Protein chains: 2
Amino acid sequence: MSSLLPMGEREKSLLRTMPFISSLIGEASDQMVESASGVHCEARDIIFRQDEPSDFFYCVLSGYVRLYRLNRDGREADIRLCGPEDTFAECVLYAEGGYRYNAQATDTTLLCRFETRSVRRLAERYGAIDKAMVGVISGHFLESMDCIANDRLQTAPQRVANYLLNACEGSVETAQLRLPFPKSLLAGKLGLAPEALSRAFSTLRGSGVTVHGRLIEISDPEALRNV
Amino acid sequence: MSSLLPMGEREKSLLRTMPFISSLIGEASDQMVESASGVHCEARDIIFRQDEPSDFFYCVLSGYVRLYRLNRDGREADIRLCGPEDTFAECVLYAEGGYRYNAQATDTTLLCRFETRSVRRLAERYGAIDKAMVGVISGHFLESMDCIANDRLQTAPQRVANYLLNACEGSVETAQLRLPFPKSLLAGKLGLAPEALSRAFSTLRGSGVTVHGRLIEISDPEALRNV
DNA sequence: CGGCAGTTTGATTAATTTCAAGCAAGGTGG
DNA sequence: CCACCTTGCTTGAAATTAATCAAACTGCCG
C-alpha cells in the first residue's frame, strides 16, 4: 500500500530540481514546495483510480508510474508512462470531474503530491504558476499527439526504432542504452503486446539492434531511421 | 488559397462567443479580440505545414480543420478534427519549435489567427489569459488521452458506437443526428480507413443504427453501449 | 444523360493479438 | 549446493482485425 510521508530536506531539494518547479522563482517556488506531500509506493500500488475525485496531482521524484484505462472486459491500455521529472494528472487543475484513468506504480516509487485546491489558490497569487502549468501541459499534449500519430502510422518495428532513436538522441555512431524498466512496460507504452515487442526486436536485429536483457546496442542509427 | 481578411464586427462578436475568449473579461478579452486577424479558407487549403515556424495559433469560427501528420511514404494520419469553437496549435505559445503537424481546411472555413508573440505579451499583462489557456489545453490533452485509449482498446464498431453516443449525449430514447462533415472525415478522426467506417456502420445496423447519407438514427442507445 | 465525388462491397493481404508452450536467470529452501 | 519455482521474455501457430486494392453503386449537378 502507498504511504504518505513528510517531505524531508532531501525530498524538497530533489523537488526543486524538477522542471516545472525550477521554472518558478522566489516565493512561488517555495510555497509550491511547502505545499507538497511525499508519497511512497511499492510495485503495483494503485495511486488513484478512474472516476475517483481528482483532488491531487503528482510529480515523480523516482520510479515509474503507469497511466492506463480499462475497458469493460478488463483489458488494459496504457496511456502514458511517467518517469522522474514527469508530472501527471495536472489537467485536473482546470478540468472538472474525477480522474480519467488509473495510475499505478510499477516499482518502488517516490512521488510528490499537490493538492489541487491549494495550488489553485497559490496560482491566484503567483501568475508564474499558471505559466509553468501551461508549459508542462503543452509539452504533454504535444507528446500525446505524437503518440496518436505514431500509433496510426507506424508498425511495431517502426515504433520501437523510433523509441530507440529518441532515447539515444544525438549519438551519431553506435550507441548503447539501458531500459530503465522491464520490456513489458515498454510494450505497453508503445501500444503493443509484449510478444509483439519481442518480435519487433528480432526484426530490428536486421538493422543492427542487439538486445541483452535491458541492454540495447544500436550499431547503425542510420539504418534504424530507414526502418 | 487561404486569404487574410480584416475582422469585421460580425466576426468579432462571433469570436467573443468562443469559450476561450468568453472566459476572459474586460480589457483582456477586448485586447485578444483586437489582436486577432481573420483567415478565410476554401476546401483543401493548407493552413500550415509541419516544421514551419509556429508564429500563430488559431480558433475555428466556422467550418472544419483537419490536423494530420505524414509519414515518409506519404501516408496521412489524422490527429484531430477541429470544428467551430475549437482552437488549435495553442501549444506553440509555450512550446518552442515549429508546428508539429499539418493543418488543412476541409471545407469553406473561417478562422481567427492569433500571433503568438502578441498573445504572450498580452498574457504578461493579463494573467487571466494564462488561466484560459491552461483550461483550453487541459481539455485538449484529456481528449487526446481518450483518443489514445480508444485507439488501443476499441474495435472499429466500438469506436463508432462511442462516437455516436457522445454526439447524441443525453438522449435516452431514440436519437437522430446529422454528421457535420463527410464520412471520410469521421473515418480519419476515428483512425479508420473509410471502408472500415462503412463496414462498422453495417455491423452497427444490428444494434439499431440506421444510416441515410449524413443522417444517422439510433433506435436503441442501450444496445449501442453494449457493443 | 453523362460525370463525378463519396460511399459501399467484395476479395485479398498485412499486421498484430491471443493462446500455448518453452526457455533462461535469479532466488529460495531443503 | 542443488532442485525447484517464479518472473520475464521469447517463439510458434491460429485467429482477429483492419488496411489495401479493385470494382460497383448512388445521388447530385451541369
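Predicted, not measured: the structure shown is a model, and the values here were computed from it. Lettering of chains follows the sequences in order, A, B, ..., and the numbering in each one begins at 1.
In the helix from dC1(C)-dG30(D) to dG30(C)-dC1(D), the terminal helix axes, each the rotation mapping four pairs' C1' atoms onto the next four within five end pairs, subtend 20°, rounded to 10°.
Atom CZ of R44(B) and atom C1' of dG6(C) are 12 Å apart (whole Å). In this structure, the CG atom of D107(A) is 14 Å from the C1' atom of dG8(D), given to the nearest Å. Atoms NE2 (H212(A)) and P (dG8(D)) sit 21 Å apart, rounded to a whole Å. Atom C1' of nucleotide dT7(C) and atom CD1 of I216(B) are separated by 13 Å, given to the nearest angstrom. Nucleotide dT16(C) holds its C1' atom 14 Å from the CG atom of L190(A), rounded to whole Å. When rounded to the nearest whole Å, the span between CZ of F181(B) and P of dT7(C) equals 11 Å.
Using a 3.5 Å distance cut-off with no hydrogens or angles, the side chains of E217(A) and H212(A) do not pair a donor with an acceptor.
Of the residues in residues 191-201 of chain B, those lying under 4.0 Å from DNA chain C by heavy-atom distance are E195(B), S198(B), R199(B). Residues from residues 148-160 of chain A that place a heavy atom under 4.0 Å from any atom of DNA chain C, listed by number: T155(A), A156(A).
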Run the side-chain donor-acceptor check on residues 179-203 of chain B: report pairs under 3.5 Å with partners two or more places apart or on a different chain.
from, atom 1, to, atom 2, distance (Å)
K183(B), NZ, G213(B), O, 3.0
S202(B), OG, S198(B), O, 3.1
S202(B), OG, R199(B), O, 3.2
T203(B), OG1, R199(B), O, 3.0

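Contact check for C82(A) versus Y64(A): no side-chain heavy atoms found under the 4.5 Å cut-off. At least one side-chain heavy atom of C41(B) sits under 4.5 Å from a side-chain heavy atom of V39(B). Proximity of L15(B) to K12(B): side-chain heavy atoms (C-beta onward) are nowhere separated by under 4.5 Å. Looking only at side-chain heavy atoms (C-beta outward), T174(A) and D220(A) stay at 4.5 Å or farther from each other.
The number of heavy-atom neighbours closer than 6.0 Å to CZ of R49(B), taken from other residues, nucleotides and ligands shown, is 12 or below.
In this structure a side-chain-to-backbone donor-acceptor pair under 3.5 Å is missing from S207(B) to A223(B). Of the possible polar contacts, none joining the D151(B) side chain to the I148(B) backbone as a donor-acceptor pair under 3.5 Å is found.
Across all strands, R214(B) comes closer than 4.0 Å to no nucleic acid atom at all (heavy-atom distances).
When each of R205(B) and R75(A) is assigned the nucleotide of DNA chain C bearing its nearest heavy atom, the one mapping closer to the 5' terminus is R205(B).
Proximity of S184(B) to the phosphate of dT7(C): a side-chain N or O atom is located under 4.0 Å from OP1 or OP2.
Remark: R113(B) engages no residue in a salt bridge (charged side-chain N to carboxylate O under 4.0 Å, His left out) (not counting sequence neighbours). Applying the ring pair (Phe, Tyr, Trp, His ring centres under 6.0 Å) criterion to Y99(A), with sequence neighbours excluded, gives F48(A).
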